[in-house]
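Written out below as structure tokens is the structure these notes cover.
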Protein chains: 2
Amino acid sequence: MSKRLQTKVGRGITLLQVARRAECSTASVSRVLNDPEHVTPDIRARVEEAMRDLGYMPNGAARALRSLRSRIMGIVIPTLNHAIYAGMVEALQQRLAGSEYSLLVATSEYDLTREEQQARLLVERGVEGLVLVGDNHRPELYRLLDRTPYVNTYVYKADSDHPCVGFDNRRATFEITEFLVGLGHCRFGMISAVTAGNDRASDRVAGVRAALETYNLSLPPEAVYERPYSILSGREGVRYLRTLTPSPTAIICGNDVLAMGALAECRAAGISVPDEISLVGFDNLEFAAHLDPPLTTMEVPAAEMGARAADFLLSQVSGKLDLHSVHLEPNLIVRRTTGRAPLPDSR
Amino acid sequence: MSKRLQTKVGRGITLLQVARRAECSTASVSRVLNDPEHVTPDIRARVEEAMRDLGYMPNGAARALRSLRSRIMGIVIPTLNHAIYAGMVEALQQRLAGSEYSLLVATSEYDLTREEQQARLLVERGVEGLVLVGDNHRPELYRLLDRTPYVNTYVYKADSDHPCVGFDNRRATFEITEFLVGLGHCRFGMISAVTAGNDRASDRVAGVRAALETYNLSLPPEAVYERPYSILSGREGVRYLRTLTPSPTAIICGNDVLAMGALAECRAAGISVPDEISLVGFDNLEFAAHLDPPLTTMEVPAAEMGARAADFLLSQVSGKLDLHSVHLEPNLIVRRTTGRAPLPDSR
DNA sequence: CCTTTGTCTGTAATCGTTTACTCATCGACC
DNA sequence: GGTCGATGAGTAAACGATTACAGACAAAGG
């Protein structure tokens, strides 16, 4: 039926038309586009004028096909929903835009299979580099990235084969835990994101556990409440952890969003923070400082990770090949949801 | 100097190699890729096997060049920082991914010139459709979109020439205001995002103003505190509005982020909400329900806008041309930051 | 004055697909 | 049994840029 749908003719102005109007070769036009210094001012001026007159816009597909450079980078993040990765993506995008690169964004929904599919799609689109979150990816994904520069973020492992820009999640929660132990806490609970397929989440749990063992304390499995990121999960986490006997005096949350929920639940239940329970978040999202009381949390260098990831890929595609992972430090920000453990008898 | 940088040879497996191995023509290979029903099972099987064996991946640039379909959509949003647009982008991306489309994301930083530049970049990259926020764009941008489908979001204007998916910002704050007037409030303040070049923000201010005038009340210029989105701005807003005499009993915020700041400041200053001041936000972000007290706010259909915008563009590129804007309704969610105006003498 | 060197332009091949055409085959129908 | 249509496969020409390569020319050096 609708036979002539594709019959659109005018595909826009081409470089050839510019060349004709400027009375020069296509090569010259291409050169003023990509290498303006190496063309005489005379020709350059004519070409630029022709471009303006015609409203010329380069065809990205043709450029990419011929030059092997799409000027597009890609990123696969778990989700955009909770602003957790938004800051990183924002910084990444900004830095890329500064180098005339665009950013393709895809989400994995915390599913490694979907992550691989999405990454594959991005590679097919011709991204020159790929940013990933975490370093626990399907082997197929790594194989796919054989010829494509990539960098893992939100993670740093010195011994990893894969380039990364990030921090050590395990050490971060280790540090949080030591801090809390120093305040006299000995009964811990944790509200964590789902750890399956999420190395950041499981490393954070592992960090708490490792630190506690150092002090002959422990984090039994039932003291870890594991749910998808959301404020509600944080609330439920507190409700659940209070059912334990003895119930924890310190709750470490895998994320500020969970911590916000936890704090809201404490308030609703009339539990005093930090007098009865100390609460720690992770990420230092914008709101953390404005909660009541202000949230003690581990600040992660989200914007810097985004910028550094961009730099990493940009240098990679411009030929610098001996690049190393970059190790960033998170930063414990002690505010007022943490305090000395309550006296044992006050339990 | 570095002359042989580009000497990378292997560009990967091409369709021609697949054709050779499957012992058929490139046309057939292309057909099993794009139109599998119209090729005999025999050939199809051979081609699919060859693809698997060789690890073939289509070259997006070549496809796009020849077929005029990049399978990429673009979006330019003000920012990713405050999660305001994240929900919409998330839904958009998901819906697009379901149709094998990828999403290029760029940010304007609330700057119309930058918005146009970024949009131009996306169009050069060959996006088949473009999502924008608001409908106040540079004329050059609209001209650029002459041949590219696009849709404005977060805005709905029946009389507009431009397709949009969204709601009426003016009417939304009109409604909020009427609600507050109904509670007996007559002194209003507003904490708004920067209105310059931001039609959503200025429409929201206009809506408040229009409603008040209906009731012979007014919103004098000095009662509008206008700052970039941030929690801090919300806090400052309250501090500022309290210096007015008489100071407002009802404060409408252009956004939940501002409202959160406002609420935090009230708490810090010992101002009782809603007894002394009623506070209303906008967006119904996840945290709104979990503030203390829970925030009264205008819920906007962010996810639905994203999905509908995707649908709009997808149908547009698949030939359906007589598409109309879609009008969504925001929804006032009354929680507990709003209450009856304090008695005049208690001022 | 001739050669050498360097700089700038133009010609034309090429990137990896899709697709308009052509041709062959086969079944159905008259 | 011949013709017509439909269907499927192959050939080769695009798509719009970039870039080896070669040629032209000028400046510099002997």
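Protein chains get the first letters and strands the later ones, always in sequence-line order, with residue 1 at the start of each. Fair warning: this is a prediction, and the values are worked out from it, not measured in the lab. What you see below is based on every heavy atom in this structure, not just the backbone, and it leaves out hydrogens, waters and symmetry mates.
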Residue [X], side-chain atoms from C-beta onward, closest of [options]:
| X | options | value |
| --- | --- | --- |
| B:A27 | C:dG10, C:dT19, C:dC8 | C:dT19 |
| B:I43 | C:dG10, D:dA9, C:dT19 | D:dA9 |
| A:S28 | C:dG10, D:dG16, D:dG10 | C:dG10 |
| B:A62 | C:dT18, C:dT17, D:dA9 | C:dT17 |
| B:L15 | C:dG10, D:dT18, C:dT17 | C:dT17 |

Nearest whole angstrom, please: distance from the [atom2] of [N] to the [atom1] of [X].
| X | N | atom1 | atom2 | value |
| --- | --- | --- | --- | --- |
| A:L68 | D:dG16 | CG | C1' | 15 Å |
| A:R20 | D:dG16 | CZ | C1' | 13 Å |
| A:L33 | D:dT19 | CG | C1' | 14 Å |
| A:L65 | D:dA14 | CG | P | 17 Å |
| B:N34 | C:dG16 | CG | P | 17 Å |
| A:Q17 | D:dC15 | CD | C1' | 13 Å |
| A:N59 | D:dA17 | CG | C1' | 7 Å |
| B:M57 | C:dT17 | CE | C1' | 15 Å |

Which atom of A:L130 lies closest to which atom of A:A119, heavy atoms considered: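 In terms of heavy atoms, the two residues are closest at CD2-CB, 3.9 Å.
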
Between A:Y150 and A:P163, what is the shortest heavy-atom contact and its length?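 For A:Y150 and A:P163, the tightest heavy-atom pair comes out as O-CG, 3.3 Å.
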
Is any side-chain N or O of A:R66 under 3.5 Å from a base N or O of C:dT14, one able to act as donor and the other as acceptor?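 Between C:dT14 and A:R66, which were checked side chain against base, a qualifying N/O pair under 3.5 Å is present.
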
Strictly by salt bridge (Lys or Arg N to Asp or Glu O under 4.0 Å), give each pair with a member in residues 129-146 of chain B just once, sequence neighbours left out.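 Residue pairs passing salt bridge (Lys or Arg N to Asp or Glu O under 4.0 Å), neighbours aside: B:E116-B:R138, B:D135-B:K157, B:R138-B:E140.
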
Going by salt bridge (Lys or Arg N to Asp or Glu O under 4.0 Å), name the pairs with one or both residues in residues 28-45 of chain A, residues two or more places apart or in two chains.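 Counting only pairs at least two positions apart or across chains, the salt bridge (Lys or Arg N to Asp or Glu O under 4.0 Å) contacts touching residues 28-45 of chain A are A:D42-A:R46.
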
Short side-chain donor-acceptor distance under 3.5 Å, B:Q118 and B:S108: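 The answer is no; no qualifying pair exists.
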
A:T14 vs D:dG16: side-chain N/O to OP1/OP2 distance below 4.0 Å: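 No, no such contact exists.
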
It should be established whether A:S67 places a side-chain nitrogen or oxygen under 4.0 Å from OP1 or OP2 of nucleotide D:dT18.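 Result: no.
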
Assign each of B:R31 and A:T26 to its nearest nucleotide of DNA chain C by heavy atoms, then name whichever residue's nucleotide is nearer the 5' end.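 With B:R31 and A:T26 compared, the 5'-side residue is A:T26.
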
Counting the atoms with a prime plus P, OP1 and OP2 as sugar-phosphate, which does B:V39 contact under 4.0 Å by heavy atoms, base, sugar-phosphate, or nothing?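 Sugar-phosphate: the residue B:V39, judged by heavy atoms under 4.0 Å, touches backbone atoms but no base.
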
